[in-house]
Amino acid sequence: MGTSETAVTSNFIRNIIAEDLENGKREQVVTRFPPEPNGYLHIGHAKSFSLNFGLAEDFSGRCHLRFDDTNPIKEEDEYVDAIKADVRWLGFDWGEHLHFASDYFDQLYLWAVQLIKAGKAYVDSQTAEEMRENRGTLTQPGVNSPFRDRSVVENLELFEKMKAGEFPDGAHILRAKIDMSSPNMNLRDPAMYRILHAHHHRTGDKWCIYPMYDFAHGQGDSIEGVTYSICTLEFEDHRPLYDWFIEQLGIFAPQQIEFARLNLSYTVMSKRKLLQLVNEQYVSGWDDPRMPTLVGMRRRGYPPAAIRTFCERIGVGKGASWIDLSVLEDCVREQLNESAYRRLAVLKPLKVTLSNYPADKIEMLEAPNHPQQPELGKRKLPFSHELYIDRDDFMEEPPKKFFRLGPGREVRLRNAYIIKCEEVIKNSDGDVVELRCSADLDTLGQNPADGHKVKGIVHWVSAVQAQEVEVRLYDRLFNQENPDKAENYLQALNPDSFQTTTALVEPELIAVEPGSTFQFERVGYFTVDSKDSKSGQPVFNRTVTLRDTWAKLK
RNA sequence: UGGGGCGUCGCCAAGCGGUAAGGCACCGGAUUUUGAUUCCGGCAUUCCCAGGUUCGAUUCCUGGCGCCCCAGCCA
C-alpha cells in the first residue's frame, strides 16, 4: 500500500559510504547494532538499528546484531530475548550474524596480554578514588600512577592472578598506558579490565575479570569485519582510543561514524529513567502503552511500519535534536488510516430515543469496513429506536459553528438515518439525560427528499445490542516537551496520561483478535490489548486520536 | 580558562561555489454520510553574527557568539 514510501533523502553517513564505495576505500558495507542487554529497546534504539540495517540493505551489505555484554552485573538473558524480538518486530534480520561481545572474551584476554608484553598496558593497584584524583580535571593534566612503571613480568604475573581470581573486586585494574596529560580524558590511561566476581549470563563463572566496553567494542567490530561502526555522539571522544587499540594490535580497522541520538518531545529516553518509571510503578511495566519502548508502542498499537517510516523521516544528523511527537503520531495515523477497519463506539453515552421508529423493530444496516476501500467488505450494524450517541455531540446552546445536535437541530447518524432533536429530557439536577428525536426514515443511504443539507454526522450504537467494553485512554506521559527541564523529571509526569472508561460498542467489536486495531469513527484508533483482553471481553487501548480541527476551533 | 562536536523556517532536514528540496506543525480553500481521509494553495530575498576571497558564498577563509558532550573499575 505504499504508505511507508518516503522519499529517501540523503544523510551524511549515506554520503560517506557511497563515496567510500565509489573510490574503492571499501568494497562492502558491514554494520551492526550493538545493544547492551540491560533493558528494553526504545524508539531511540529503533532509530539506530533502522539506520544500521537500512544502510546494509541499501548497499547490499549485512548488519549484525551484537550484544555488548561486558558488564555481567547489569545484563540478563531476559533482555537479550526481548531485544531480538523487537528488532524482528520492525522487520529486520541479522541472518547468521548474532554475536556477543562475550564470544570474544578469550581473544580479548590474549590481546590484553599482548599489550602488556608490548609495554602498552599495566596493572594499577590504586583505589578507584585514587585513580579519580590522579586523573586530573578537564583543564588540569593527570598524574601518573605510582604503579605505572611496573615491569612487564610483574604486570603479566599480576594480570594472571587477577584472572585466576586471587584478588577481590577492585583490588587491581588493567590500564592502557597512553598519556595521563592528554586533553582527551579517554586517553588518560583508560581501564581495560576490571575484577568482577560475578556470574555472566553467557560465560557463567568462567571469568572473574571482564573487559571494559572501551576495550571490547572496537575489537568486536574489528573481529566481525564491521566496516562502519555507527554510534552516537557521546562516543566521538572515544574514537581516538578505539583507533589506538586497533593500531597497537594491528588488526582490521572499522570506521566509526557518530550521529545524534533521538530525543522525542514529551518523553524521556534514558534507560535509567525508564527503569525508574517501571521500578517505582509510575507505569505498569516496560510494556506500558505510554512508554517510548518498542514493547510499549507495540502494545499501544503503533504499527511497525509506522516506526520505520518515522525513523526514515526524522533523518540523521550530528546536531542534538528534538523531534516533535506529532511526527511520530502522523506516521501512526498514516499507516492506520489505510489499514484499520472502521467501527462505531460511544465513549460518553447519551441516550436517544426515536419517537417515530417502532419500539419492537430491529434493522440490520450495512456499513463498509473502510470508506475508501470497498474491497475490505461490509459488516452488519443493528439499529433500533433506542440509541446512544456521544455527549460531546449534543449542546443545549450550540454556538454558530457547531453542526452537531441541539434542540430542534438535525444530524446524520453515521451509516444510518438523519434524526432531529425534538425534546431534551433532564433529571432533577438539570442534567441532560435523554434526547427524544424523530428520524427521517427516507434518508438511509440518501439525502433528504427536499434536498436540504445536513452537515453534522454523529456516531452511535443501538442500546440493546451495544456491548460494554473497557477502554483505556492514553496520552503523553509527560506534560513538558523536555521533562528534563523540570527540577526533577518526575514532576513533569502527566497525571492524566492514563484514564480508563467503559464504552458502548457495536457487536462486531467483541470477537476481535488481540493486537488488532480499529478506528472508532470520529474518535480515534484503538488496539485490542494483548495482555488484559479475554475471549469475548476485549480491552481497547487508545493508540492515537484522530486529528481534530474542531477541537482547535473551540 | 582543556579537548571533541554542532549552528539552514516553530520542530526535523536536503544542499558541498551558481543564486534555499522535502516532512511535521501552522494558515487558507475544494471534495466528503468520519469536523477524519484525500486534494489544491500559502508558509526562509535568506542559511548564528561580523569581516574577507570571488563575477557570484548557505557553501571557501578569518574572527566572534551560542549550544551539546567528556573527569565510571557504566555502556
Side-chain angles (χ1 to χ4, degrees), chain A residues 6-7 9-11 15 34-36 38 68 70-71 73-75 124 126-128 131-133 135-142 169-175 181-188 190-196 210 212-214 216-217 232-240 258 260 265 271-272 312-331 333-334 337-338 342 344 367 370-372 401-404 412-416 418 443-447 454-459 481 519-524 545-553:
Chain A
T6 308
T9 57
S10 68
N11 63 57
N15 293 344
E36 181 190 12
N38 70 340
D68 272 332
T70 54
N71 187 348
I73 294 167
K74 301 205 284 183
E75 296 146 7
D124 196 351
Q126 294 182 102
T127 62
M131 271 182 64
R132 178 161 27 80
E133 280 161 23
R135 187 152 29 231
T137 68
L138 295 179
T139 50
Q140 291 170 326
D169 289 3
H172 305 280
I173 190 160
L174 185 71
R175 301 178 76 176
S181 64
S182 171
N184 181 345
M185 300 295 289
N186 296 297
L187 265 21
R188 320 245 263 226
M192 290 166 58
Y193 262 94
R194 74 287 219 188
I195 300 171
L196 243 32
Y210 291 92
M212 298 293 292
Y213 171 85
D214 278 352
H217 184 79
T232 45
L233 258 23
E234 65 269 32
F235 293 105
E236 224 155 7
D237 286 343
H238 295 238
R239 189 177 355 114
E258 307 86 5
S265 60
K271 272 192 198 170
R272 200 207 100 233
E312 188 63 48
R313 243 180 228 182
I314 56 176
V316 181
K318 294 202 68 163
S321 61
W322 279 86
I323 306 292
D324 199 282
L325 222 211
S326 68
V327 179
L328 213 208
E329 291 185 336
D330 182 70
C331 292
R333 289 193 186 105
E334 178 181 297
N337 175 52
E338 290 242 358
R342 306 302 124 118
L344 297 183
H370 191 120
Q372 279 83 38
K401 301 283 276 245
F402 185 82
F403 40 82
R404 275 113 93 150
R412 155 81 64 183
L413 294 176
R414 177 68 167 162
N415 296 130
I418 287 173
T443 54
L444 188 60
Q446 60 188 3
N447 287 323
V454 173
K455 178 132 171 103
I457 297 158
V458 142
H459 56 286
E481 280 205 22
Q519 184 196 97
F520 291 0
E521 291 197 74
R522 304 210 315 130
V523 182
T545 62
L546 249 31
R547 239 186 223 99
D548 189 354
T549 48
W550 166 246
K552 275 185 237 164
L553 288 174

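The shown structure was predicted, so the numbers you read here are calculated from the model rather than taken from an experiment. No hydrogens, no waters, no symmetry mates; every other heavy atom, side chains included, goes into these values. Every chain is numbered from 1 and lettered A, B, ... according to where its sequence line falls, protein lines coming before strand lines.
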#### Entry: Touch class at under 4.0 angstrom, heavy-atom based, for Met131(A) against every strand present
base
### Task
Pick base, sugar-phosphate or nothing for Lys271(A), based on heavy-atom distances below 4.0 Å to the nucleic acid.
nothing
### Task
Classify the nucleic acid contact of Arg132(A) as base, sugar-phosphate or nothing, counting any heavy atom under 4.0 Å across all strands shown.
sugar-phosphate
### Message
Does Gly445(A) reach a base, just sugar-phosphate, or nothing at all? Heavy atoms under 4.0 Å.
### Response
base
### Query
Between G35(B), C69(B), C74(B), which one does the side chain of Glu234(A) approach most closely?
C69(B)
### Message
Both distances below 3.5 Å, Watson-Crick or wobble geometry, any strand: find the nucleotide opposite G63(B).
### Response
C49(B)
### Task
Grab the two heavy atoms, one from Leu444(A) and one from Ala416(A), that are nearest each other, plus how far apart they are.
CD1-CA, 3.7 Å
### Message
Of the options U32(B), A75(B), C27(B), whose atoms approach the side-chain atoms of Arg194(A) most closely?
### Response
A75(B)
### Residue Ser10(A), side-chain atoms from C-beta onward, closest of G15(B), A71(B), C74(B)
G15(B)
### Task
With heavy atoms under 4.0 Å as the rule, sort Thr137(A) into base, sugar-phosphate or nothing.
base
### Query
Where the side chain of Val327(A) is defined as all heavy atoms beyond and including C-beta, which of C74(B), U34(B), C24(B) is the nearest nucleotide?
C24(B)
### Query
Mapping Gly170(A) and Asn337(A) onto RNA chain B by nearest heavy atom, which one lands closer to the 5' end?
Asn337(A)
### Task
Specify the separation, in whole Å, of atom CZ of Arg272(A) and atom P of C74(B).
17 Å
### Message
Distance check, C1' atoms only: A20(B) and A13(B), in whole angstrom units.
### Response
13 Å
### Task
When you get a sec, tell me which of U34(B), G72(B), C74(B) is the closest nucleotide to the side chain of Gln519(A)?
U34(B)
### Task
Rounded off to whole Å, could you give me the OH-to-C1' distance for the Tyr213(A) and C70(B) pair?
15 Å
#### Entry: Distance between C1' atoms of U58(B) and A14(B) (Å, rounded)
12 Å
### Query
Between Phe235(A) and His217(A), how do the two ring planes meet: parallel, tilted or perpendicular, split at 30° and 60°?
parallel
### Message
Before you tell me yes or no, could you show the steps for Ser182(A) and Asn184(A) under side chain to side chain donor-acceptor pair (under 3.5 Å), namely the whole-Å CA-CA distance, both residues' side-chain angles and the distance that decides it to 0.1 Å?
### Response
CA-CA 5 Å; Ser182(A) 171; Asn184(A) 181 345; 5.5 Å; no
### Task
For Thr70(A), report the nucleic acid contact type (base, sugar-phosphate, nothing); a contact means any heavy atom under 4.0 Å.
sugar-phosphate
### Query
Base, sugar-phosphate alone, or nothing: which one does Gln446(A) contact when heavy atoms must sit under 4.0 Å apart?
base
### Query
Please give, in whole Å, the distance from C6(B) P to Lys318(A) NZ?
5 Å
### Query
Would you say the side-chain atoms of Arg342(A) pair up with the backbone N or O of Glu521(A), donor to acceptor, closer than 3.5 Å?
no
### Task
Please state the C1' separation for the pair C61(B) and A71(B) - nearest whole angstrom.
35 Å
### Message
Tell me the interatomic distance from Asp214(A), atom CG, to C70(B), atom P, rounded to whole angstroms.
### Response
13 Å
### Criterion side chain to side chain contact (heavy atoms under 4.5 Å, CB included) on Leu413(A) and Val458(A), from CA distance to verdict
CA-CA 5 Å; Leu413(A) 294 176; Val458(A) 142; 4.2 Å; yes
### Task
With P as the reference atom in both, quote the distance from A36(B) to G28(B) in angstrom, rounded to an integer.
13 Å
### Query
How long is the line joining CE of Met185(A) and P of C74(B), in whole Å?
16 Å
### Query
For G41(B), which nucleotide in any strand shown is its Watson-Crick or wobble partner with both distances under 3.5 Å?
C27(B)
### Message
Could you tell me how far C55(B) sits from A50(B) if I compare only their P atoms? Round to whole Å.
### Response
23 Å
### Query
Do Asp548(A) and G35(B) have a side chain to base donor-acceptor pair shorter than 3.5 Å?
no
### Query
Checking all strands, does Thr127(A) fall into the base, sugar-phosphate, or nothing category for heavy-atom contacts under 4.0 angstrom?
base
### Message
Over all strands shown, is Glu236(A) touching base, sugar-phosphate only, or nothing at heavy-atom distances under 4.0 angstrom?
### Response
sugar-phosphate
### Message
Classify Phe402(A) by what it touches in the nucleic acid, base, sugar-phosphate, or nothing, heavy-atom distance under 4.0 Å.
### Response
base
### Query
Which whole number of Å gives the distance between the C1' atom of G23(B) and that of U8(B)?
15 Å
### Query
Quick one: does Thr232(A)'s side chain have a donor or acceptor within less than 3.5 Å of a partner on Glu234(A)'s backbone?
no
### Task
Report the nucleotide, chosen from C12(B), C74(B), U34(B), that has the shortest atom-to-atom distance to any side-chain atom of Glu36(A).
C74(B)
### Query
Closest to the Asn11(A) side chain: G72(B), A14(B), U34(B)?
A14(B)
### Touch class at under 4.0 angstrom, heavy-atom based, for Val454(A) against every strand present
nothing
### Message
Within 90° of 0 counts as syn, otherwise anti: where does G72(B) fall?
### Response
syn
### Message
Which heavy atom of Asp68(A) sits nearest to which heavy atom of Glu36(A), and what is that distance?
### Response
O-CG, 3.6 Å
### Task
For G72(B) and A57(B), measure between their C1' atoms and round to the nearest Å.
46 Å
### Task
Check every atom of C73(B), G3(B), A71(B) against the side chain of Asn184(A) and return the nucleotide holding the closest atom.
G3(B)
### side chain to side chain contact (heavy atoms under 4.5 Å, CB included) assessment of Thr70(A) paired with Tyr213(A)
CA-CA 6 Å; Thr70(A) 54; Tyr213(A) 171 85; 4.2 Å; yes
### Task
Give the nucleotide from the list G35(B), G2(B), A25(B) with an atom nearest to the side chain of Thr549(A).
G35(B)
### Query
Which nucleotide in the list U34(B), C12(B), G3(B) gets nearest to the side chain of Ile323(A)?
C12(B)
### Query
Hey, does Ile457(A) reach any base, or is it just sugar-phosphate, or nothing, if we go heavy atoms under 4.0 Å?
sugar-phosphate
### Task
Run the numbers on Met212(A) and Leu174(A) for side chain to side chain contact (heavy atoms under 4.5 Å, CB included), then give the verdict.
CA-CA 10 Å; Met212(A) 298 293 292; Leu174(A) 185 71; over 6 Å; no
### Given RNA chain B, 5'-ward residue of the pair Val523(A) and Arg239(A), judged by closest heavy atom
Arg239(A)
### Summary
In Watson-Crick or G-U wobble terms, with both distances under 3.5 Å, the base opposite G18(B) is C55(B)
### Query
Considering Watson-Crick and G-U wobble pairs with both distances under 3.5 Å, what does C9(B) pair with?
none
### Query
Which whole number of Å gives the distance between the C1' atom of G42(B) and that of C48(B)?
27 Å
### Task
May I ask you to say what Arg412(A) touches in the nucleic acid, namely base, sugar-phosphate or nothing, with a heavy-atom cut-off under 4.0 Å?
base
### Query
Quick one: Asp124(A) CG to G72(B) P, roughly how many Å, whole number?
15 Å
### Task
Please work out if Gln126(A) contacts a base, only the sugar-phosphate, or nothing of the nucleic acid, heavy-atom cut-off 4.0 Å.
base
### Distance in angstrom units between Leu325(A) CG and C11(B) C1', rounded
12 Å
### Query
For Trp550(A) and U32(B), what is the distance between atoms CH2 and C1' respectively, to the nearest whole Å?
18 Å
